[in-house]
Amino acid sequence: MGNIPQHVAIIMDGNGRWATKRGLKRSIGHKKGADNLEKLCDHIFNLGIKYLSVYAFSTENFKRDTEEVNYLMNLFVNMFTKKKKIFVKNKIKVVFSASYDNLRDDVIESMKDLSESTKDFQDHIFNICLNYGSRLEIVDMTKKIAQLCLDGKLELSSINEELITHNLYQDLPDVDFVIRTSGEERISNFMLWQSSYAEYYFPETLFPDFNNEEFDKALIVYQKRKRRFGGYDEDSTSKN
Ligand code: FPP
């Protein structure tokens, strides 16, 4: 099957365009995106990929119309509550990379309940970035580490890359492969620290249409890439 990435991250873009192209409300696009994510999630974990991160809602998405923000928040509560049984059945541990500031109480409650109910699973880790911004995550991590130093619990000399990773919202391995659907070629404040050495892929397909076959095509692209991590090709025998 080729080289399978350990950690895949998806920026699920194009839900709104998918709907407007069909004369539908943007919210229908988000619902289609959510249905697609459910199938994709199963497929990705069945392929043996251990970590899947998705960008569900950015800190900047609060700038959208109240109607759209409310629709998305209701969709999250619905998904987290109604699909809990499925996550448990499939032994998927759900974690959230999130700032809890500005989130509704019922959204926070459904997030906490889902992560609590799935916390003992180990084989598949589903990281949902919700009210997430990578820069804010780095600011929050810096405050945590600074507080530990101020409290005398940490020496300045102990701060290294590993410690920073451990103090982000979730302590996850580096992202290997970032996919952003819909043809947009931007990172939009998504997992900047974790994706430093990732491969990037920008298919034209809008997220509701980015189905299992599209994911398999993406995987083939990943498998053809040569990852160097700043060194030489993994398979090169000579440095020339
Ligand atoms: C970006 O597309 C998409 C979002 C802001 C929402 C993503 C949410 C889902 C797919 C819902 C399911 C998620 C979970 C975790 C239950 P866009 O609306 O910006 O699309 P556009 O660029 O075409 O307007």
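Computed over heavy atoms, backbone and side chain alike; hydrogens, waters and symmetry mates excluded. We count ligands from 1, going down the list as the structure has it; atoms in each ligand are counted the same way.
Applying the salt bridge (Lys or Arg N to Asp or Glu O under 4.0 Å) criterion to Asp123, with sequence neighbours excluded, gives no partner residue. Residues meeting the salt bridge (Lys or Arg N to Asp or Glu O under 4.0 Å) test with Glu38, sequence neighbours left out: Lys83.
By heavy-atom distance, the residue among Asn15, Leu72, Leu37 lying nearest atom 10 (C) of ligand 1 is Asn15.
Geometrically, ligand 1 and Phe207 share no nitrogen or oxygen pair separated by less than 3.5 Å. Residue-to-ligand polar distances place Asp13 within reach of ligand 1: an N/O pair is separated by less than 3.5 Å. Polar contact with ligand 1: absent for Phe76 (N/O pair, distance under 3.5 Å). For Asn61, no nitrogen or oxygen atom sits less than 3.5 Å from a nitrogen or oxygen atom of ligand 1, counting backbone and side chain alike.
Figure legend: cation-pi geometry between Lys112 and Tyr100, with NZ or CZ positioned under 6.0 Å from the six-membered ring centre and within 45° of its axis.
Between Lys144 and Gln147 the shortest side-chain heavy-atom distance does not fall below 4.5 Å.
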- Message: Show, in sequence, the C-alpha distance, side-chain angles and deciding distance for Asp140 and Tyr169, and conclude whether the side chain to side chain donor-acceptor pair (under 3.5 Å) test is met.
- Response: CA-CA 8 Å; Asp140 286 344; Tyr169 293 139; 2.6 Å; yes
- Apply side chain to side chain donor-acceptor pair (under 3.5 Å) to Ser134 and Trp193, showing your working. CA-CA 8 Å; Ser134 192; Trp193 175 271; over 6 Å; no
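Within the 4.0 Å heavy-atom criterion, both parts of Met12, backbone and side chain, lie near ligand 1. In Arg26, the part holding a heavy atom less than 4.0 Å from any atom of ligand 1 is the side chain.
Listed by number with element, the atoms of ligand 1 under 4.0 Å from a non-hydrogen atom of Ala56 are 6 (C), 7 (C), 8 (C), 15 (C). Per-residue contacts place Met79 under 4.0 angstrom from the following atoms of ligand 1 (heavy atoms of the residue considered): 16 (C).
By the 30° and 60° cut-offs, the orientation of the rings of Phe80 relative to Phe96 is perpendicular.
Taking a 4.0 Å cut-off on heavy atoms, Arg64 registers as neighbouring ligand 1.
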